[in-house]
Every structure is written in C-alpha cells, then in structure tokens.
Amino acid sequence: MGAESGVPRKAAERAGRLRALIEEHNHRYYVLDAPTISDAEFDSLFRELEALEREYPALASADSPTRRVGDAPVTTFETVTHRVPMLSLNNAFSDEEAESFDRRVRELLGVDEVDYEVEPKFDGLAVGITYRQGALNVGATRGDGASGEDVTANLRTINAVPLTLGAKAPPLLEVRGEVVMLRRDFERLNAAQTAKGERTFVNPRNAAAGALRQLDPKVTASRRLTFFAYGVGEVDWGAAKPPATQEALLERLESLRLPATRERKVVRGLKGLMSYYHAIAARRASLAFDIDGVVYKVNDLAQQERLGFVSRAPRFALAHKFPAEEMPTEVLAIEVQVGRTGALTPVARLKPVFVGGVTVTNATLHNEDEVRRKDVRIGDTVIVRRAGDVIPEVVRVLPEKRPRGAREFVMPKKCPECGSHVVRLPDEAVARCSGGLVCPAQRKQALLHFGGRRAMDIEGLGEKLVDQLVDAELVRTPADLYKLNVDTLAGLERMAEKSAANVVAAIDKSRETTLARFVFALGIRHVGEESAKDLARHFGSLDELMAAHEPSLLEVRDVGPVLAQSIRQFFAEAHNRGVIARLRTAGVHWPEGAPQREARGKLAGVTFVLTGTLPSLSREEAKEMIEKRGGKVAGSVSKNTAYVVAGAEPGSKLDRAEALGIPVLDERGLRAMLQGKG
DNA sequence: TTACCTCGAGCTCA
DNA sequence: CTCGAGGTAA
C-alpha cells in the first residue's frame with residue numbers, strides 16, 4: 001500500500017487497521033462464537049472501510065472483506081474434480097450399530113479403549129474450499145464425491161468463510177465442511193419472502209441448497225449462510241508440523257480463522273459416544289441449526305490411517321443418525337402403477353403430511369405380499385417416515401384407528417391402464433401386465449426410456465409430451481417418433497411453433513447414434529447400459545445380434561441364461577423386428593464395425609478391480625483405458641479377478657485380493673501392462 | 001422421493 | 001406469469 005498510489009498514508013493505515021479489526025471480529029463471531037462488539041458496531045466499521053475504499057479505489061484489494069460479492073453472475077457452474085475424493089460416512093441408526101462400530105475399531109486397532117472426536121452432523125451441504133498460499137482459491141460442492149460444481153463466487157459471500165487465512169497459512173489447504181443456514185436466518189428469510197409475496201422455503205437445508213445454486217452471488221449474499229469446517233482434503237502444511245489428532249486439526253483450522261463447531265468434544269470409549277449422542281439429542285430442538293445426528297471420528301490421525309477405508313467410506317468414522325421422524329397419516333387410496341416392463345406396483349396415496357422436512361403424499365408398497373405383510377388397507381391410519389435416505393416408507397398400521405369400512409387391497413386381475421390380464425409367475429413377487437406394448441402405460445415408459453439421455457438422447461421428450469403423443473395416438477412405437485413433424489405436433493399443449501421445431505430437430509439429431517445406445521434404447525428386459533455396450537462390441541452389427549442364438553449370446557461377457565433368453569425373446573417377436581425395421585427406414589443409423597470378440601484387445605477376458613485413488617488417473621479414466629484394450633472392470637473381487645489395481649487409501653477389496661492371492665498392481669504397473677501388451 | 005434452480009417458451013391479460 | 005424439462009442434492 002505505497003504512497004505512490006496517491007492515497008494518504010493515514011487513510012491507508014486506517015483501511016489496514018479496519019480490515020484487521022473486521023477480520024478479528026469475524027473470527028470472534030464465527031470461530032469463537034463470542035463476539036465482543038454489537039452487530040451495529042461491526043456494521044459501522046464495515047461501512048467506514050467501504051467509504052474509504054470508495055474514496056481511494058487503490059485501497060480496495062480482492063480479498064478485502066468488502067469484496068465478498070464481487071463476481072458478476074455466471075451462466076453455468078463449472079465442474080471441479082476433487083483431488084481427494086469427498087467420501088460419505090457409514091450410517092448407524094441405533095445404539096447397537098454404534099456399539100459394533102466401536103467394537104470393530106477397537107479390534108482392528110488392538111486397543112481397549114479409543115478416544116473419539118465427536119460433533120453434530122449438520123443438515124446442510126458438503127463443500128470443499130481450497131486455499132492457496134492462504135487465499136481462497138476454489139470452492140466446490142461435493143457432487144458425486146469425485147467431482148462437483150464450482151460455487152466459489154457464492155461461497156465467498158459467506159461471512160463465516162474467511163477470504164484469507166492470515167500469516168500462518170499453509171501453502172495449500174482444502175478445508176471440508178458444511179454450508180448451513182441457521183434457523184434464525186431461515187426464519188428471517190422466509191419472513192422476507194412472505195413480505196415480498198414470494199414463496200417461502202420448506203426447511204433450512206433446502207434454503208441453503210437453493211442459495212448456493214444461485215447464478216448471481218448477490219442473491220446468495222442476501223440469503224445469509226454460514227459454514228462449519230470439519231476436516232481437510234488435499235493439504236500441504238508446509239513448514240508447520242501436521243496435526244496429530246482430529247482435535248488438533250480442528251484447532252489448527254480455527255487458528256486459520258476457519259470456523260468449526262463449538263459443540264464438538266473429545267470423548268473416551270463407547271460410553272463417551274453414547275452420552276454425547278443422548279446429550280445432543282436432548283438439546284437438538286434448541287440448537288441454532290438443524291442436525292440429523294452426530295459424527296464420531298477416531299481422534300488419533302495415525303489410528304485413522306491404520307483403519308483406512310471400506311469401499312467408499314472411512315472405517316474410522318461413523319454418522320450416528322437420529323431416528324427418522326415418523327408421522328401418522330391416512331391412506332386415501334392404493335393405486336397401481338405400471339412400469340416399463342409391465343410390473344404393477346401398488347402405491348399408497350397419502351393425505352399430505354410434513355415429515356422429515358418434506359411433504360409426503362405417496363409411498364410405494366413394493367408388491368402385493370408387502371401390502372399383505374403390513375396389512376395396509378384403504379382408509380387406514382399409518383405411520384410414515386422417510387427411511388434411511390429419502391424414500392418415504394409406510395412403517396406400520398395403527399389398527400386401533402382402522403375405520404369400519406377399511407378396504408383391503410387386491411391386485412387387479414386386469415391392467416388398470418389397458419385391461420390386459422395380469423400375470424404373476426409362481427416364483428416372482430411382482431405381478432405384470434401381459435399387454436406389452438398394447439398397454440399405453442408401458443408404451444409411454446418405453447418411449448421415455450427410448451428418448452432418455454443415455455439412450456437416444458432426445459431432448460424435450462419429457463413425460464407430459466409423451467403422455468400427449470400416446471393419448472392422441474400420434475405415436476405408438478418409437479418408430480412413430482420419426483414421422484412427427486411440426487404440423488402433427490401442432491395442437492398439442494405447450495407445443496407452439498418453436499417448441500415443436502425444437503422437438504423435431506432433437507428427434508432428427510437422434511438419428512445418428514451408436515449401436516450400443518440403440519440396443520439400450522430398445523428396452524430389452526435385463527439389458528442395461530453396460531450389457532448393451534457389451535453386446536454392441538461383441539457382435540459389431542445389429543443383424544449379427546438379432547441373428548444370434550442362445551449359445552452365441554452366452555459367449556458375450558456378463559451375459560447369462562436369463563439375459564440370453566430375454567434377448568432371444570425380444571428379437572423373436574415380429575412386432576419388435578417390425579419396429580426396428582421401421583426405425584432403420586426412418587434413417588436411424590450408427591457405425592457398424594467388425595465384431596470385437598475375445599482376441600481383439602490384448603486384455604480381452606482379463607478382469608480388473610480398482611480400489612483406492614490412483615495418483616494421476618480418475619476411476620473413469622482407468623476404466624476406459626482398460627476397456628479400450630478389451631479388458632473388463634468389475635466392482636468386486638472374486639476368483640475370476642485377474643488383477644487388483646490399488647491406489648491410495650484402498651478399501652477392503654485389497655484385503656480380499658490378498659486373501660485370494662490375486663496380483664495387485666499400482667498405477668505404474670497398470671500403465672506398463674496397458675502399454676506393454678497393447 | 002421431494003425440493004430447489006434455471007432455461008426456454010407458451011399462455012394470459014392489460 | 002406459468003409450465004415442462006433438465007439438472008443437482010440429500
């Protein structure tokens with residue numbers, strides 16, 4: 001801040017002083033949870049700094065606290081790959097499960113008692129925020145764990161997220177934590193929304209999620225989010241000594257101005273876990289934020305490392321969830337839904353009930369036997385909850401509330417959509433409509449599947465449009481889609497000129513495809529995306545595939561008798577062959593190549609299993625490289641596995657590989673094999 | 001499964 | 001303004 005910029009020394013000094021004060025008070029407020037000045041006093045410091053920076057623009061720097069909302073709106077969020085994957089935690093829903101977690105940890109470590117760092121499990125959104133040389137660099141959502149969305153501009157607007165980490169900042173630090181909306185901020189936001197005549201948010205989590213997904217950071221800033229750090233991803237502590245415990249890690253983060261919850265503590269043994277869990281549960285309603293359980297982590301980081309990971313979750317941590325909220329409601333009706341394969345699923349239509357943060361109106365009853373087992377009748381009052389993750393579940397009936405006229409559910413003999421008779425094979429739980437594609441419900445599902453993103457990828461072909469197309473009898477089979485034009489579409493709801501043209505263009509575009517997509521799009525039972533790829537590769541052309549008899553189908557990897565049967569049946573059907581012929585006449589085409597059986601690709605027939613994080617290859621990339629050479633990547637280790645490729649933090653698959661005596665490769669070994677032989 | 005955001009485009013009413 | 005589609009998150 002030199003005098004050469006024409007800024008009076010006094011002003012520069014005052015600005016520096018103000019920034020330090022603001023950061024200090026932010027720290028006291030968010031990290032220590034012990035403010036020493038009032039909000040009004042804080043605001044006045046802030047305004048003074050703003051005024052100074054306005055007067056002397058040379059004073060304003062990118063990491064000034066006044067510059068949280070800097071960026072202009074973006075049009076899309078970029079994708080960020082997590083250098084260290086953002087895993088999820090194993091869940092426990094009972095004290096017993098928590099007990100077996102502790103037992104397992106003790107056994108694996110060979111100790112009598114373990115120290116745990118424990119904290120509330122926030123109900124918010126997981127993010128990773130990377131600081132380089134102490135400056136906030138990138139922040140991203142968890143996404144699928146491997147990559148998420150770049151929401152840096154929005155995270156910068158959160159006052160609890162420091163823009164700089166101060167003098168002790170390590171060279172590189174990715175902090176992991178949860179973005180949440182405090183209950184009081186949620187109340188305030190909803191009051192403001194009501195005042196503006198806008199719709200309110202259902203719960204703080206959704207409000208926070210919505211705020212973070214705003215393209216314009218100004219909106220995010222107005223929504224008041226906060227942040228709690230609970231761990232780290234990629235990190236280089238530089239000259240500083242790395243922390244040795246989870247507790248020390250959080251203290252280190254706090255010393256870097258990153259807020260961790262004050263509700264955390266270190267406890268000893270199972271007894272410590274239990275008393276913490278029950279103490280927090282008792283205070284749950286009076287906390288400033290929503291939580292859905294507590295998290296236990298082995299405190300000693302060396303012990304954490306020894307415990308390692310199983311599949312996608314650490315063995316050293318556990319999320320002990322509170323029991324799912326349960327509410328009584330009424331069964332208004334039990335309807336039957338028809339799926340793409342004709343499967344009939346009974347669904348309970350419920351009197352809307354707010355449970356676990358959302359309004360539940362439907363709950364699947366899975367199948368006839370399930371309805372019997374729970375003895376759910378129409379008119380019953382039932383207990384519903386949102387199970388484990390998200391799917392609403394009818395827990396049980398309250399028999400004392402059963403009205404006299406409560407009707408039992410009977411699986412209809414005729415399909416409710418098309419009247420074809422319903423069949424249930426003796427050894428199957430599901431009943432099916434026998435109508436096949438005569439059934440409009442199945443036709444609709446088939447069309448939706450055909451146009452799906454992983455199939456023919458016809459943009460704009462959604463549920464409502466398909467409903468209309470089928471109901472108006474404009475489309476009976478996928479082949480009919482290719483006869484549509486702007487005129488035939490005219491007259492349908494929400495299908496004026498522009499929309500119609502877009503749909504026609506999307507359909508036209510789908511004419512150029514791949515054999516694998518096409519085979520998947522046909523919707524042959526048991527043929528998913530993977531099998532479709534295998535079949536396309538193996539036969540190379542559709543005619544080969546259609547002509548294949550069972551023995552040759554069985555030669556395809558992963559194709560067993562059930563799949564082979566199903567494929568044969570599908571192509572034996574004259575109707576299906578007709579549709580395919582018409583699709584081809586309509587101009588649907590794909591490159592056909594020579595069949596790639598066995599010997600093609602040096603790794604043909606060689607099965608790999610990947611575990612852990614490879615240094616420079618993502619899981620997808622490694623898989624692709626192996627498959628390109630004809631190899632196969634399986635999800636779990638068996639005696640058919642040829643090699644296990646292990647990276648950092650391998651899971652139990654490595655143990656199993658060792659147990660079965662299967663050779664283990666690292667990334668270098670894998671590359672050598674791919675190149676050497678290929 | 002539900003809730004939310006965003007986009008394009010259709011619908012409605014002044 | 002409202003709707004449908006497509007995406008994300010838990």
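The sequence lines fix the lettering, A, B, ..., with proteins before strands; numbering per chain opens at 1.
The separation between A:L365 atom CG and B:dT1 atom P is 12 Å, rounded to whole Å. Atom CG of A:L189 is separated from atom P of B:dC5 by 10 Å (rounded to the nearest Å). Between the CG atom of A:L212 and the C1' atom of C:dT8 there is a distance of 11 Å, rounded to whole Å. Rounded to whole Å, the distance from CG on A:L215 to C1' on C:dT8 is 13 Å. In this structure, CD of A:E459 is placed 11 Å from C1' of B:dG8, rounded to the nearest angstrom. Whole-Å rounding puts the A:R199 CZ to B:dA3 P distance at 9 Å. What separates CD of A:E325 from P of B:dT1 is a distance of 19 Å, to the nearest Å. We find that CD1 of A:I458 is positioned 20 Å from P of C:dG4, with the value rounded to whole Å.
Nearer the 5' end of DNA chain B, as judged by each residue's closest nucleotide, is the contact made by A:F354, out of A:F354 and A:R494. Along DNA chain B, the nucleotide closest to A:T359 and the one closest to A:A500 are compared, and the more 5′ of them pairs with A:T359.
Among the heavy atoms of the strands lying under 4.0 Å from A:R223 are primed sugar atoms or P, OP1, OP2 only; no base atom is included. Residue contacts shown for A:A209 are absent, as no nucleic acid heavy atom lies under 4.0 Å away. Among the atoms of the strands shown, only primed sugar atoms or phosphate atoms (P, OP1, OP2) are found under 4.0 Å from some heavy atom of A:N362. A:T361 comes within 4.0 angstrom of sugar-phosphate atoms only, judged by non-hydrogen atoms across all strands, and of no base. A:G124 comes within contact range of the sugar-phosphate backbone alone, with a heavy-atom separation under 4.0 Å but no base atom that close. Residue contacts shown for A:F201 are limited to sugar-phosphate atoms, with no base heavy atom under 4.0 Å away. Counting any heavy atom pair closer than 4.0 Å across all strands shown, A:G357 reaches no nucleic acid atom. The residue A:A363 sits apart from the nucleic acid: no heavy atom pair falls under 4.0 Å.
Side-chain proximity of A:V202 to the nucleotides B:dC4, B:dC11, C:dT8 is greatest for B:dC4. When distances run from any side-chain atom of A:N502 to the nucleotides B:dG8, B:dA3, C:dA9, the shortest one goes to B:dG8. Side chain of A:K498, nearest nucleotide from B:dA3, B:dC5, B:dG10: B:dG10. Nearest to the side chain of A:I391, among C:dA9, B:dG10, B:dT1, sits B:dT1. If you check C:dA9, B:dG10, C:dG4 against the side chain of A:A496, the one that comes closest is B:dG10. For A:R213, taking side-chain heavy atoms from C-beta onward, the closest of the listed nucleotides C:dT8, C:dA9, B:dA3 is C:dT8. Distances were taken from every side-chain heavy atom of A:E149 (C-beta onward) to each of B:dT1, C:dG4, C:dT8; the shortest belongs to C:dT8.
The closest side-chain heavy-atom distance from A:Y116 to A:K297 is not below 4.5 Å. Residues A:L125 and A:L212 meet the side-chain proximity criterion, which asks for heavy atoms closer than 4.5 Å. At least one side-chain heavy atom of A:R443 sits less than 4.5 Å from a side-chain heavy atom of A:R476. Inter-residue side-chain proximity for A:L215 and A:T75 is flagged as unmet; no heavy-atom pair is nearer than 4.5 Å.
In this structure, A:Y277 and A:F322 have tilted ring planes: the angle between them lies in the 30° to 60° band.
The shortest distance between the side-chain N/O atoms of A:T141 and the OP1/OP2 oxygens of C:dA9 is below 4.0 Å. In terms of phosphate contacts, A:S499 brings a side-chain nitrogen or oxygen within less than 4.0 Å of OP1 or OP2 of B:dG10. Look at A:Q214 and you'll find a side-chain N or O under 4.0 angstrom from OP1 or OP2 of B:dT6.
Using modelled atom types, one finds no donor on one side chain facing an acceptor on the other under 3.5 Å when comparing A:E97 with A:S100.
Taking the six-membered ring for Trp and the full ring otherwise, the centers of A:F122 and A:F289 sit less than 6.0 Å from each other.
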